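All figures in this text were calculated on a predicted structure; none of them were measured in a lab.
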Amino acid sequence: MAKIQMQTPLVEMDGDEMTRILWQMIKEELLLPYIELNTEYYDLGLKHREETLDQVTVDAANATKKYGVAVKCATITPNAARVEEYGLSKMWKSPNGTIRAILDGTVFRTPIIVKGIEPCVRNWQKPITLARHAYGDVYKNVEIKVPGPGKAELVFTDENGNETREVIHEFTGPGVLQGMHNTDKSIRSFAKACFNYALDTKQDVWFATKDTISKKYDHTFKDIFQEIFEKEYKEKFDKAGIEYFYTLIDDAVARVMKSKGGFIWACKNYDGDVMSDMVSSAFGSLAMMTSVLVSPDGFYEYEAAHGTVQRHYYKHLKGEETSTNSVATIFAWTGALYKRGELDGNAQLCAFAKKLEEATLKTIESGKMTGDLALITTLDNVQKLSSKDFILAIRETFDNLD
């Protein structure tokens with residue numbers, strides 16, 4: 001059969017370690033045999049980020065603005081150990097953080113539901129979508145190690161040179177300081193993205209911060225959400241039969257655990273980072289979650305919402321067999337391909353993406369899966385497959401689908 005053609009390129013961002021190995025396997029076995037793959041390639045592997053002084057990350061984000069759709073492999077965010085391991089000139093920032101700041105988007109993460117992998121929370125019946133604000137807070141922070149006694153102040157100087165000061169703390173000994181920021185513009189984009197996504201998917205929106213403690217920072221988030229909802233979305237939500245609900249983050253956590261699921265949980269940047277891992281793990285596996293960054297300008301970046309699987313990569317380098325779950329990476333590709341097809345009016349590409357997702361889930365439901373799922377499945381007589389064999393099993397299922 002003739003390969004499916006692509007009119008417009010995808011932005012392809014390669015990554016690190018075991019997920020980089022899976023990336024190549026997925027392309028070779030599940031994509032290239034069926035699609036004349038058209039991508040603009042950027043190597044976001046840590047070595048190449050070092051070689052380009054991280055300019056490659058900025059270039060990839062700007063290419064996403066140009067073409068509208070990107071797919072990204074998992075990447076290393078270096079700590080001190082990684083700086084030494086890779087001989088880095090500095091501790092480069094998270095590529096995801098850089099890309100999110102440039103695109104000014106919101107990350108939507110949803111568990112991938114499959115028969116035989118039951119949620120740890122027994123009353124969860126539907127997926128919970130995490131909407132993570134993708135700008136600012138701790139991911140754009142500035143930090144100081146305080147050497148000894150002294151006064152720490154928060155200072156804002158306006159464009160006319162006028163200062164506003166707040167004392168943070170009077171230090172009597174060593175300590176640490178952290179400065180964070182956000183912008184009304186980005187918070188407004190976050191709110192609108194959540195409300196638009198809710199209308200598209202016909203789901204309620206829950207939003208939570210700690211405004212009782214953070215009476216200016218978090219309260220600003222709360223106020224902006226409420227203002228935009230009342231002015232622009234309340235009538236639309238009423239017509240769609242969905243609702244917007246605000247509560248404190250600690251109350252939200254308690255409510256989520258007792259809920260049946262089936263809603264969008266909007267979180268600030270750090271809350272969304274942590275809670276998306278909790279939700280995905282509770283639904284089965286960190287490797288069983290879709291993740292898409294949606295910008296207010298209509299740009300989409302699909303990625304695997306987990307790390308680079310360092311432990312499996314070191315086993316792979318030793319020639320040992322691994323059983324690494326590639327589902328989230330496969331769904332990053334299918335999400336991007338479907339969106340590319342949708343934007344280009346390419347029905348064949350859309351159909352291929354949905355068929356590959358179906359084949360992936362049917363493979364697991366037939367009892368063929370990777371080690372992480374084999375440990376938690378309720379299915380009997382399962383077959384634990386290696387990283388490569390799982391991908392090959394998906395290809396066999398795909399070829400046999402009607």
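- With respect to Lys355 and Glu358, no salt bridge is recorded, no charged nitrogen being found less than 4.0 Å from a carboxylate O.
- Counting all heavy atoms, side chain and backbone alike, Met13 lies closest to Trp23 at O-CZ2, 3.8 Å.
- Figure legend: cation-pi geometry between Lys192 and Phe195 absent, as NZ or CZ is not positioned both under 6.0 Å from the six-membered ring centre and within 45° of its axis.
- Residues Glu342 and Tyr338 bring no donor and acceptor atom of their side chains to less than 3.5 Å of each other.
- A donor-acceptor pair is defined here as one N or O able to donate and one able to accept, closer than 3.5 Å; no such pair exists between the side chain of Thr39 and the backbone of Leu10.
- Residues Phe398 and Phe352 place their aromatic rings such that the two centres sit under 6.0 Å apart.
- The nearest pair of heavy atoms linking Ser387 to Leu22 is CB-CD2, 4.0 Å.
- Among residues two or more places apart in sequence or in another chain, the side-chain contact (heavy atoms from CB on, under 4.5 Å) test is passed with Ala254 by none.
- For Ser276 (side chain) and Gly272 (main-chain N/O), a donor-acceptor pair under 3.5 Å exists by modelled atom type.
- Separation of the Tyr197 and Phe108 ring centroids falls under the 6.0 Å cut-off.
- Across Ser214 and Tyr217, no two heavy atoms sit closer than the pair OG-CB, 3.1 Å.
- Looking at Arg49, its side chain does come within 3.5 Å of a backbone N or O of Ile76 through a donor-acceptor pair.
- In this structure, Phe225 has its ring center closer than 6.0 angstrom to the ring center of Phe190.
- A cation-pi arrangement, defined by a distance under 6.0 Å to the six-membered ring centre and an angle within 45 degrees of its axis, is absent between Lys47 and Tyr86.
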Run the salt bridge (Lys or Arg N to Asp or Glu O under 4.0 Å) check on Asp218 and Lys268 step by step: do they pass? CA-CA 9 Å; Asp218 279 24; Lys268 289 171 56 195; 2.5 Å; yes

Take Thr98 and Thr57 through the test side-chain hydrogen bond (donor to acceptor under 3.5 Å, both in side chains) and record every step on the way to the result. CA-CA 7 Å; Thr98 299; Thr57 307; 5.9 Å; no

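- Two rings, from His181 and Tyr135, have their centers less than 6.0 Å apart.
- Remark: Arg255 is not positioned above the aromatic ring of Phe263, lacking an NZ or CZ atom under 6.0 angstrom from the ring centre and at most 45 degrees off the axis.
- No donor-acceptor pair under 3.5 Å is formed between the side chain of Asp297 and the backbone N or O of Phe299.
- The two residues Lys65 and Leu103 have their closest heavy-atom pair at CG-CD2, 3.7 Å.
- Among all heavy-atom pairs drawn from Arg165 and Val155, the shortest one is NH1-CG2, 3.5 Å.
- Between the Asn160 side chain and the Asn162 main chain, no donor and acceptor come within less than 3.5 Å of each other.
- Ring geometry for His316 versus Tyr313: interplanar angle under 30°, hence parallel rather than tilted (30 to 60°).
- To the nearest 0.5 Å, atoms CD (Glu17) and CD (Gln310) are separated by 5.0 Å.
- Heavy-atom contacts from other residues, nucleotides or ligands closer than 6.0 Å to CD of Glu320 number more than 12.
- Atom CD1 of Ile224 and atom NZ of Lys185 lie 12.0 Å apart (nearest 0.5 Å).
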